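One structure is given here, and the rest of the page talks about it.
Since we're looking at a predicted model, the values are computed, not measured.
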Amino acid sequence: MAERKRPARGEGGAAARKQAKVSTAVIRRLPRYYRHLSELQRKNVVRISSSALGRDMGLTASQIRQDLFCFGEFGQQGYGYKVDSLREEIGEILGISRGHTVVVLGAGNLGRALIENFKFSSNGFELLAAFDINEEVGTEIAGVPVYHIDQLEEFLRERPVSVGLLTVPKTAALPTAERLAAAGVHGIWNFTNAELPLPERSGVVVESVHFSDSLLTLSYMISQREAQEEQK
């Protein structure tokens with residue numbers, strides 16, 4: 001799909017998109033902004049200052065302004081940001097309206113839990129199908145059809161898919177990822193705890209979710225606090 005060009009915006013919008021490379025740290029903060037602005041919208045908040053937004057999110061006002069300036073000019077000095085407009089702009093930057101699609105590879109406990117509970121549509125993704133090799137094949141999970149993994153390539157030829165969500169066993173992760181890449185899938189959301197060293201020429205973006213990394217990070221922070229308390 002060709003990139004959609006947006007006209008320059010007036011009050012509260014982005015005057016122009018920046019073309020410079022954006023750091024990974026900034027990109028990873030964008031979903032936080034979108035989520036918090038969505039909460040403000042549900043509370044009928046019309047506008048918010050960078051100071052108030054930073055206070056709510058544990059960031060500085062300067063950090064927020066710098067992050068947003070990577071993508072254009074937002075808000076007005078002395079007025080702040082229009083919540084609806086800023087949320088829409090960040091949603092566009094994140095590609096929420098681009099009609100992305102996703103299939104789940106592995107319909108076991110984790111795959112089933114994600115299908116039943118994760119709000120794919122709220123994040124701009126249409127969940128099309130799941131694939132497995134076990135008894136789930138031929139059934140539906142929360143209205144999502146489950147096919148045999150041998151039908152994957154045929155399905156992908158008939159329906160363009162943006163992302164493959166991997167919850168297969170670790171030993172099957174790389175072969176499955178290679179099949180997705182060969183079939184033209186653009187991204188892989190990897191929950192397998194396996195590294196996926198796909199060649200750069202594949203053009204596939206991999207985002208890995210390691211639950212243990214998050215838990216061990218929490219362990220470190222708890223340990224540091226406990227150590228400080230013991231020294232008092």
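A donor atom on one side chain and an acceptor atom on the other are found under 3.5 Å apart for Ser97 and Glu92. A donor-acceptor contact under 3.5 angstrom links the side chains of Ser62 and Gln66, judged on distance only. Defined by atom type and a distance below 3.5 Å, a donor-acceptor pair is present between the side-chain atoms of Tyr34 and Arg87.
Here the straight-line distance linking atom CH2 of Trp189 with atom CZ of Phe118 works out to 4.0 Å at 0.5 Å rounding. Separating the SG atom in Cys70 from the CZ atom in Arg65 is a distance of 13.5 Å, to the nearest 0.5 Å. Considering CG of Leu105 and CG of Leu165, their distance stands at 8.0 Å, rounded to 0.5 Å. Here CD1 of Ile48 is found 5.0 Å from CG of Asp56. Values are rounded to the nearest 0.5 Å. The distance from the CG atom of Asp84 to the OG atom of Ser38 is 10.0 Å, given to the nearest 0.5 Å. To the nearest 0.5 Å, the span separating CD1 on Ile90 from CZ on Arg32 amounts to 12.0 Å.
At least one side-chain heavy atom of Glu89 sits less than 4.5 Å from a side-chain heavy atom of Phe74. At least one side-chain heavy atom of Asp67 sits under 4.5 Å from a side-chain heavy atom of Tyr33. Within the 4.5 Å cutoff, the side chain of Arg179 has no heavy atoms near those of the Val185 side chain. Side chains of Leu198 and Val206 form a contact here, defined as non-hydrogen atoms less than 4.5 Å apart. Annotation: side chain of Val46 is not in contact with side chain of Lys82 (no heavy-atom distance under 4.5 Å). Residues Ser50 and Tyr81 form a side-chain contact, since some pair of their non-hydrogen atoms from C-beta on lies under 4.5 Å apart. Counting only heavy atoms from C-beta outward, the side chains of Val146 and Ile141 approach each other to under 4.5 Å. For the pair Val163/Thr101, no side-chain contact is recorded, criterion being any heavy-atom separation below 4.5 Å from C-beta on.
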For residues 210-228, please give each side-chain donor-acceptor pair under 3.5 Å, one per line with the distance, not counting sequence neighbours.
unit_1 : atom_1 : unit_2 : atom_2 : d
His210 : ND1    : Asn193 : OD1    : 3.0
Thr217 : OG1    : Asp213 : O      : 2.8
Ser223 : OG     : Ser219 : O      : 2.8

Full working for salt bridge (Lys or Arg N to Asp or Glu O under 4.0 Å) between Glu39 and Lys43: CA-CA 6 Å; Glu39 292 172 0; Lys43 295 176 181 177; 5.5 Å; no
Side chain to side chain contact (heavy atoms under 4.5 Å, CB included) assessment of Asp150 paired with Phe131: CA-CA 9 Å; Asp150 290 345; Phe131 294 84; over 6 Å; no
Working for side chain to side chain contact (heavy atoms under 4.5 Å, CB included), residues Asn109 and Thr167: CA-CA 9 Å; Asn109 291 337; Thr167 58; over 6 Å; no
Residue pair Val102, Phe120: steps toward the side chain to side chain contact (heavy atoms under 4.5 Å, CB included) verdict: CA-CA 9 Å; Val102 60; Phe120 289 93; 3.8 Å; yes
Candidate pair Ile188 and Leu196, rule side chain to side chain contact (heavy atoms under 4.5 Å, CB included), full reasoning: CA-CA 9 Å; Ile188 293 175; Leu196 300 178; 4.0 Å; yes
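No more than 12 heavy atoms of other residues, nucleotides or ligands sit less than 6.0 Å from atom NE2 of His186.
The two residues His148 and Val137 have their closest heavy-atom pair at N-CG1, 3.6 Å. In terms of heavy atoms, Ala181 sits closest to Val204 at CB-CG2, 3.6 Å. Scanning both residues, Pro197 and Leu174, for their nearest heavy atoms gives CD-CD1, 4.0 Å. Across all non-hydrogen atoms, the minimal contact from Gly111 to Val104 is CA-CG1, 4.3 Å. Considering all non-hydrogen atoms of both residues, Leu156 and Ala183 come closest at CD1-CB, 3.3 Å. Across all non-hydrogen atoms, the minimal contact from Glu140 to Pro145 is CG-CA, 4.0 Å.
Under a 4.0 Å N-O distance rule, the pair Arg28/Glu207 qualifies as a salt bridge.
Note: Tyr147 and Phe155 have tilted aromatic rings, judged against thresholds of 30 and 60 degrees for the angle between ring planes.
A distance-only check finds a donor-acceptor pair linking the side chain of Asp132 to the backbone of Asn134 [under 3.5 Å]. Between the side chain of Asn190 and the backbone N or O of Thr192 there is at least one donor-acceptor pair closer than 3.5 Å.
No chain of hydrophobic side-chain contacts below 4.5 Å, direct or via other Ile, Leu, Val, Met, Phe, Trp or Tyr residues, connects Leu114 to Ile133. Linking Ile, Leu, Val, Met, Phe, Trp and Tyr residues whenever their side-chain heavy atoms come within less than 4.5 Å leaves Ile115 and Leu166 in two separate clusters. When hydrophobic clusters are built by joining Ile, Leu, Val, Met, Phe, Trp and Tyr residues whose side-chain heavy atoms come closer than 4.5 Å, directly or via intermediates, Phe125 is not grouped with Leu30. Linking Ile, Leu, Val, Met, Phe, Trp and Tyr residues whenever their side-chain heavy atoms come within less than 4.5 Å places Leu86 and Val22 in a single cluster. Hydrophobic clustering, with ILVMFWY side chains joined whenever heavy atoms are under 4.5 angstrom apart, keeps Ile27 apart from Val209.
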